[in-house]
Each structure stands twice: as structure tokens, then as C-alpha cells.
Amino acid sequence: MAYELHYWPCIQGRGEFVRLALEAAGADYLDVTREDGIDDMLERLGAPPRPAFAPPFLRDGDLVIGQASAILLHLGPRLGLVGESEADRIWTHQIQLTIADAVAEVHDTHHPIASSLFYEDQKPEAARRAAAFRDERIPKFLGWLERVLGANPAGPRHLVGDRLSYADLSLFQLVEGLAYAFPQATERALAATPMVVALHRRVALLPRVAAYLASDRRLPFSEDGLFRRYPELDG
């Protein structure tokens with residue numbers, strides 16, 4: 001049976017991290033809300049006995065999994081996107097969780113007070129939050145990923161081991177999003193992380209990833225998603 005991915009149909013958001021893994025592996029999946037609208041997703045969201053808190057969630061047969069990192073933990077072995085050892089699986093998951101931390105901080109640059117408020121209602125606070133993020137946190141997150149690549153016993157072509165993992169794909173998406181939302185700050189940080197830059201480029205050239213990026217299945221970034229370009233926040 002095809003995997004069923006449920007996520008908001010008009011943005012990349014957190015669903016894109018799952019979508020990249022499915023696309024890179026050539027998996028058979030349905031992007032349910034893009035085909036059928038959001039009614040089915042909203043009906044299933046929060047359904048007992050194990051309700052998802054928010055999209056994305058994935059249906060794999062009778063199993064329903066919420067949270068992008070948990071979905072990737074489940075999909076990794078099934079799609080061949082994680083190492084076979086327990087140590088590799090846990091390390092890949094740890095990297096993914098750290099990337100998820102970075103994504104949460106990106107969100108908080110444009111919604112530092114409340115998600116229920118418009119960006120325009122919290123612009124002064126967003127400016128302060130974004131300044132700390134672009135000056136301190138972007139270099140810290142990308143610098144940590146650079147150290148992970150440099151410390152990989154199998155070499156710096158991948159974050160874990162000697163083959164593609166879902167963490168590599170998520171690094172690609174993080175860099176893509178940061179470059180969209182904070183182009184100047186990200187360019188400065190990437191100048192100090194050449195191995196991150198090289199991995200980002202390699203992922204973009206993978207045949208299935210390249211085909212996906214060139215297709216209409218890959219939605220563009222926008223100011224409705226996680227990564228938003230407000231020039232005033234880029235300093």
C-alpha cells in the first residue's frame with residue numbers, strides 16, 4: 001500500500017522534510033490533501049486512540065504517525081535512508097531532532113509572541129528575535145552540522161556513515177529554507193561551513209531529488225510557511 005502523507009496543501013512547512021525522504025527513495029505515496037483537500041486530514045487529525053497533535057502525519061497501513069522526526073524515524077529503515085546499526089539509527093534521529101530545533105527557532109523569528117497573531121502584530125519582538133537568530137543561532141546550527149560532517153569516520157560526504165540518510169536530506173531543506181528567509185546571514189554562515197555547502201549541492205544533484213525540485217510537486221517558499229522572507233529581519 002502507498003504511504004499517505006497528510007499536510008497542509010499550500011506550503012512546504014514541516015511536511016517537506018518527510019516529502020523529500022519519500023521522493024529521494026522513490027517511494028509510492030499519496031500527498032492526500034493535495035489530491036483530496038483538507039477535509040480528510042482534519043477528520044483524521046486528533047482521531048483516537050492515538051491522536052496526532054498537528055500535521056504532518058503519515059498513514060502506513062494501520063499505523064498513523066505524527067511529528068516529522070518520528071515519521072522519519074519510522075520511514076528511515078523502510079526507505080533505506082538510515083544505517084543498519086542501532087547506533088547509526090539513533091545518531092541519525094538525534095541529528096534530525098537538532099534540525100527540528102533549528103526549524104522551530106526559524107518559526108519564532110517571525111512569530112515570537114504567538115502563532116495566533118499576525119507577523120505585523122509582533123514586528124518589534126520579531127526584529128529582536130531575528131537579530132539573535134541570524135547572528136548567533138544560524139552559525140551555531142550550521143557550525144554543528146559542519147563538525148558532524150568533519151567527525152564522520154566514513155568521511156564528510158554524509159552526516160552518518162557512507163550513504164545517504166534522511167538527515168542529509170533534512171540538512172538540504174534547512175539550508176534551502178535559511179537561504180530563502182535570511183539570504184545575507186546564511187551566506188555569511190555558509191562561508192565558514194564548506195562541508196555543509198558541499199553536501200547541500202550533492203543532495204540537490206541526486207537524480208530523484210533534482211527531478212522533484214524541477215516538478216510542480218515542489219511548492220515554492222512563501223510568506224505563509226515556516227521559512228519567510230522579511231528583508232527587515234535579515235539585518
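Worth knowing before you read on, the calculation uses all heavy atoms, side chains too, and leaves out hydrogens, waters and symmetry mates.
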Say whether Leu72 and Leu63 are linked into one hydrophobic cluster, either directly or through other cluster members, by side-chain heavy-atom distances under 4.5 angstrom. yes
Please report the closest heavy-atom contact between Ile71 and Pro56, naming both atoms and the distance. CD1-O, 3.8 Å
Would you find a donor on one side and an acceptor on the other, under 3.5 Å apart, between the side chain of His110 and the backbone of Leu226? yes
May I ask you to check whether over 12 heavy atoms, not counting those of Glu223, lie within 6.0 Å of atom CD? yes
When you look at CD of Glu84, are more than 12 heavy atoms from neighbouring residues, nucleotides or ligands closer to it than 6.0 Å? no
From Arg44 CZ over to Ile38 CD1, what is the distance, rounded to the nearest 0.5 angstrom? 14.5 Å
Where is the tightest heavy-atom contact between Leu219 and Pro9, given as atom of each residue plus distance? CD1-O, 3.4 Å
So, does Arg134 use its side chain to make a donor-acceptor pair with the main chain of Leu233 at under 3.5 Å? yes
Using distance alone, with no hydrogens and no angle criterion, decide if Glu16 and Tyr7 have a side-chain donor and acceptor under 3.5 Å apart. no
Heavy atoms of other groups near Glu120 CD, more than 12 under 6.0 Å: yes
Using the side chain to side chain donor-acceptor pair (under 3.5 Å) rule, collect all pairs that involve residues 89-101, keeping only residues at least two apart or in two chains. Gln96-Ser170
Heavy-atom distance under 4.5 Å between the side chains of Leu213 and Phe172, does that happen here? yes
Scanning both residues in full, the closest heavy-atom pair of Ile95 with Val160 reads CD1-CG2, 3.6 Å
So does Val82 get a backbone contact from the side chain of Asp88, meaning a donor-acceptor N/O pair under 3.5 Å? no
Which word best sums up how the rings of Phe141 and Phe133 line up, parallel for under 30°, tilted for 30 to 60°, or perpendicular for over 60°? tilted
Cation-pi between Arg218 and Tyr212: NZ/CZ under 6.0 Å from ring centre and within 45° of the ring axis? no
What do the steps show when you test Trp8 against Asp224 for side chain to side chain contact (heavy atoms under 4.5 Å, CB included), and what is the final call? CA-CA 11 Å; Trp8 305 111; Asp224 294 319; over 6 Å; no
With a 4.5 Å cut-off on side-chain heavy-atom distances among I, L, V, M, F, W and Y, is there a chain of contacts connecting Ile99 to Ile11? no
Are Leu159 and Leu149 close enough, and set up right, to give a side chain to side chain contact (heavy atoms under 4.5 Å, CB included), and what steps lead you there? CA-CA 5 Å; Leu159 285 164; Leu149 286 166; 3.7 Å; yes
Taking every non-hydrogen atom, the tightest pair across Leu81 and Ala25: CD1-CB, 4.3 Å
Distance (rounded to the nearest 0.5 Å) between Leu75 CG and Ile65 CD1: 6.5 Å
Is the shortest distance from a Lys or Arg side-chain nitrogen in Arg217 or Glu23 to a carboxylate oxygen in the other one below 4.0 Å? yes
If Ile, Leu, Val, Met, Phe, Trp and Tyr residues are connected whenever their side-chain heavy atoms lie under 4.5 Å apart, and connections chain through other members, are Leu42 and Val64 in the same group? yes
Side chain proximity check, Arg78 to Asp60, heavy atoms < 4.5 angstrom: yes
Can you tell me which residue among Arg157, His200, Glu146 is in a side-chain contact (heavy atoms from CB on, under 4.5 Å) with Met195? Glu146
Give the C-alpha distance, both sets of side-chain angles, the deciding distance and a yes or no for side chain to side chain contact (heavy atoms under 4.5 Å, CB included) between Leu30 and Glu35. CA-CA 8 Å; Leu30 299 175; Glu35 297 186 18; 4.0 Å; yes
Using side-chain heavy atoms (C-beta onward) and a distance below 4.5 Å, is Glu176 in contact with Phe221? yes
Can you tell me how far apart CG (Leu142) and CZ (Arg147) are? Round to the nearest 0.5 Å. 11.0 Å
Measuring from atom CG of Leu199 to atom CG of Leu145, what distance do you get when rounded to the nearest 0.5 angstrom? 9.0 Å
Can you tell me how far the CG atom of Leu164 sits from the CZ atom of Arg208, to the nearest 0.5 Å? 10.5 Å
Tell me if a side-chain donor or acceptor on Asp162 pairs with a main-chain N or O of Ala154 at a distance below 3.5 Å. no
Here the gap from Leu58 atom CG to His6 atom NE2, rounded to the nearest 0.5 Å, amounts to 8.0 Å
Main-chain N/O of Leu117 paired with His111 side-chain donor or acceptor, under 3.5 Å: yes
Using only atom types and a distance under 3.5 Å, with no angle test, would you say the side chain of Arg228 pairs donor to acceptor with the backbone of Gly225? yes
Check whether any side-chain N or O of Arg14 sits under 3.5 Å from a backbone N or O of Pro55 as a donor-acceptor pair, and report yes or no. no
Of the non-hydrogen atoms in Ala102 and Leu174, which two are nearest, and what is the gap between them? CB-CD1, 4.1 Å
A quick test of your reading: do over 12 heavy atoms of other residues, nucleotides or ligands sit less than 6.0 Å from CZ of Arg163? yes
Note: Tyr29 and Arg19 closest approach over all heavy atoms is OH-CG, 3.3 Å
With side-chain contact (heavy atoms from CB on, under 4.5 Å) as the test, pick out the partner of Tyr166 among Leu73, Leu171, Leu79. Leu73
Do any N or O atoms from the side chain of Asp168 and from the backbone of Ser165 form a donor-acceptor pair under 3.5 angstrom? yes
Side chain to side chain contact (heavy atoms under 4.5 Å, CB included) between Leu190 and Val175: does it pass, once the steps are laid out? CA-CA 9 Å; Leu190 290 175; Val175 172; 4.1 Å; yes
Consider only side-chain heavy atoms of I, L, V, M, F, W and Y, link residues closer than 4.5 Å, and tell whether Val18 and Tyr3 are in one cluster. yes
Any side-chain donor near an acceptor of the partner, Gln173 and Gln12, under 3.5 Å: yes
CD of Gln67: more than 12 outside heavy atoms within 6.0 angstrom? no
Does Arg129 use its side chain to pair, donor to acceptor, with the backbone of Pro124 at less than 3.5 Å? no
Is Val209 reachable from Leu22 through a run of hydrophobic residues whose side-chain heavy atoms are each under 4.5 Å from the next? yes
